[in-house]
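Convention: sequence-line order gives letters A, B, ...; per-chain numbering from 1.
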Number of protein chains: 2
Amino acid sequence: MTDPRIERSRMLILRAAVEELGEVGYGGVTIESIAARAGVGKSTIYRHWPDKLDLIADAFETFHERMVPELGIQSVHDSVALLLRHVADVVVDSRFSRCIPALIEGAERDPRVREFHHRYSAERRQALIDLIAVGIDAGEIGPEVDPELATTALLGAIFYRRLMTPTPLDPGEADRLVDLVLR
Amino acid sequence: MTDPRIERSRMLILRAAVEELGEVGYGGVTIESIAARAGVGKSTIYRHWPDKLDLIADAFETFHERMVPELGIQSVHDSVALLLRHVADVVVDSRFSRCIPALIEGAERDPRVREFHHRYSAERRQALIDLIAVGIDAGEIGPEVDPELATTALLGAIFYRRLMTPTPLDPGEADRLVDLVLR
DNA sequence: GAACAACGAAACGTTGACGTATCGCTCCGA
DNA sequence: TCGGAGCGATACGTCAACGTTTCGTTGTTC
């Protein structure tokens with residue numbers, strides 16, 4: 001069998017990496033700080049990952065939260081609002097909130113970070129696009145609405161408030177946002 | 001009189017700093033690279049600014065572009081679209097495009113950068129908010145539209161596309177965006 | 001044109017992080 | 001129970017950027 005110590009170290013390190021990323025940003029993370037937080041020797045990290053970026057990407061991918069709350073049987077409008085409330089929650093509250101600027105900045109310069117960041121965003125975005133498309137098919141949303149553009153406006157508003165203003169969007173405002181964009 | 005060499009050096013350095021910031025981001029800027037680009041001795045920089053952040057903030061504030069194209073006499077709808085096209089242009093093309101992630105990330109950790117970033121965003125946002133309010137007063141836009149929320153959705157979409165996807169919003173798409181958000 | 005201020009270049013010491021290597025210790029699997 | 005794998009600690013060399021200092025040169029002021 002494979003030594004259980006390996007998996008244990010891996011998890012300690014990945015968890016510490018995400019926490020560290022959220023607290024000090026991509027530029028601020030150091031292997032040494034991750035090792036210290038994980039209670040692990042620096043050498044153990046280099047044993048498992050070739051370099052910092054591999055570790056960070058692995059950590060983020062392992063621990064990221066899924067943007068898929070249970071959508072009960074309800075109107076598409078309410079499902080969209082629920083989804084947005086969840087995104088707003090994650091963007092404001094979670095450990096990953098502070099990773100977002102780190103990812104954005106990292107993506108700017110490192111092609112691997114960029115690829116990861118864009119793929120990750122696209123995956124989360126798709127659920128919303130699909131949902132709106134369903135609403136259009138069902139006649140609940142006007143056919144003139146472009147699901148992709150609407151999704152961009154909805155998510156954009158949430159991220160804009162988080163990144164460019166001192167007051168992130170309160171999840172309670174999500175309904176008003178849906179009312180505005182999905183006529 | 002004060003020595004003209006001082007002002008000349010200042011301008012060379014500030015210009016170089018903005019360019020450098022745009023090319024390599026906040027984390028990537030070094031005093032030495034700015035000095036080299038400005039064709040100036042490193043000591044000259046330290047003669048004028050106490051540290052890197054002071055220099056960067058000064059540079060950004062000195063050279064930032066205003067978000068105010070001439071708004072001719074036309075419908076509010078068209079004015080909004082024009083304004084958004086301009087924002088999309090700046091966000092995609094200008095030297096400042098690559099400063100945005102740098103500012104976002106910097107704001108995350110440095111209160112001085114944050115204060116600057118939020119104030120700067122708010123100033124640019126206000127023109128759009130006012131414009132939409134005018135449109136509502138004129139009856140051109142439905143009274144149920146919240147100018148602030150609509151502005152957030154409009155600008156948010158532009159920044160979202162720039163920051164989270166590989167394909168920034170084409171200025172030509174601005175009209176569709178306005179159609180979507182301002183019913 | 002003399003005194004002086006600002007300058008560019010370059011050397012310097014310092015710091016912080018990288019990634020490597022070594023070395024006992026401990027835990028695991030056979 | 002024993003050999004080996006994984007581990008933490010620690011020391012090491014390297015590098016890049018910081019911010020300081022020195023010094024001879026150039027441009028400015030009076």
So among [options], which one has a side chain to side chain contact (heavy atoms under 4.5 Å, CB included) with [X]?
X: A/P166; options: B/H118, B/E115, B/R114, B/R119; answer: B/H118
X: B/I13; options: B/T44, B/D58, B/V18; answer: B/T44
X: B/S79; options: B/V178, B/L131, B/I132; answer: B/L131

Next on the checklist: Can you give me the first and the last nucleotide of DNA chain D (5' to 3') that has an atom within less than 4.0 angstrom of a non-hydrogen atom in chain B?
Outcome noted: D/dA17 to D/dC30
Checklist entry - When you measure from the side chain of B/R98 to the backbone N and O of B/V24, does any donor-acceptor pair fall under 3.5 Å? => result no
Separation of [X] atom [atom1] from [N] atom [atom2], in whole Å?
X: A/D51; N: C/dG19; atom1: CG; atom2: P; answer: 6 Å
X: A/R47; N: C/dT22; atom1: CZ; atom2: P; answer: 13 Å
X: B/H48; N: C/dA5; atom1: NE2; atom2: P; answer: 15 Å
X: B/I45; N: C/dG8; atom1: CD1; atom2: P; answer: 9 Å
X: A/Y46; N: C/dT22; atom1: OH; atom2: P; answer: 17 Å

Checklist entry - Between residues 4-21 of chain A and DNA chain D, which residues have a heavy-atom gap below 4.0 Å? => result A/R5, A/I6, A/S9
Item to check | Flag for A/R162-A/S97: side-chain donor and acceptor within less than 3.5 Å | outcome: yes
Sequence neighbours excluded and cut-off under 3.5 Å, please list the side-chain donor-acceptor pairs for residues 29-39 of chain A, or say none.
{"from": "A/T30", "atom 1": "OG1", "to": "A/S33", "atom 2": "N", "distance (Å)": "2.9"}
{"from": "A/T30", "atom 1": "OG1", "to": "A/S33", "atom 2": "OG", "distance (Å)": "3.0"}
{"from": "A/E32", "atom 1": "OE2", "to": "A/K42", "atom 2": "NZ", "distance (Å)": "2.9"}
{"from": "A/S33", "atom 1": "OG", "to": "A/E20", "atom 2": "OE2", "distance (Å)": "3.2"}
{"from": "A/S33", "atom 1": "OG", "to": "A/T30", "atom 2": "N", "distance (Å)": "3.2"}
{"from": "A/S33", "atom 1": "OG", "to": "A/T30", "atom 2": "O", "distance (Å)": "2.7"}
{"from": "A/R37", "atom 1": "NE", "to": "A/E20", "atom 2": "OE1", "distance (Å)": "2.6"}
{"from": "A/R37", "atom 1": "NH1", "to": "A/E19", "atom 2": "OE1", "distance (Å)": "2.9"}
{"from": "A/R37", "atom 1": "NH2", "to": "A/E20", "atom 2": "OE1", "distance (Å)": "3.1"}
{"from": "A/R37", "atom 1": "NH2", "to": "A/E23", "atom 2": "OE1", "distance (Å)": "2.7"}
{"from": "A/R37", "atom 1": "NH2", "to": "A/E23", "atom 2": "OE2", "distance (Å)": "3.1"}

Next on the checklist: I'd like to know if A/E148 pairs up with B/R176 as an ion pair, taking the criterion as any Lys NZ or Arg NE/NH1/NH2 lying under 4.0 Å from an Asp or Glu carboxylate oxygen.
Outcome noted: no
Next on the checklist: For a quick test of reading the model: is some side-chain N or O of B/T44 closer than 4.0 Å to OP1 or OP2 of C/dG8?
Outcome noted: yes
Next on the checklist: Within the 4.5 Å heavy-atom criterion, are A/W49 and A/L14 side-chain neighbours or not?
Outcome noted: yes
Checklist entry - Looking at side-chain heavy atoms only, is the closest gap between B/D179 and B/H77 below 4.5 Å? => result yes
Item to check | Residue whose closest nucleotide on DNA chain D lies nearer the 5' end, B/G28 versus A/G41 | outcome: A/G41
Checklist entry - Given C/dC18, C/dC7, C/dC28, which nucleotide is nearest the side-chain atoms of A/D3? => result C/dC28
Next on the checklist: Under 4.0 Å, counting only non-hydrogen atoms across every strand here, what does B/K42 touch: a base, just sugar-phosphate, or nothing?
Outcome noted: base
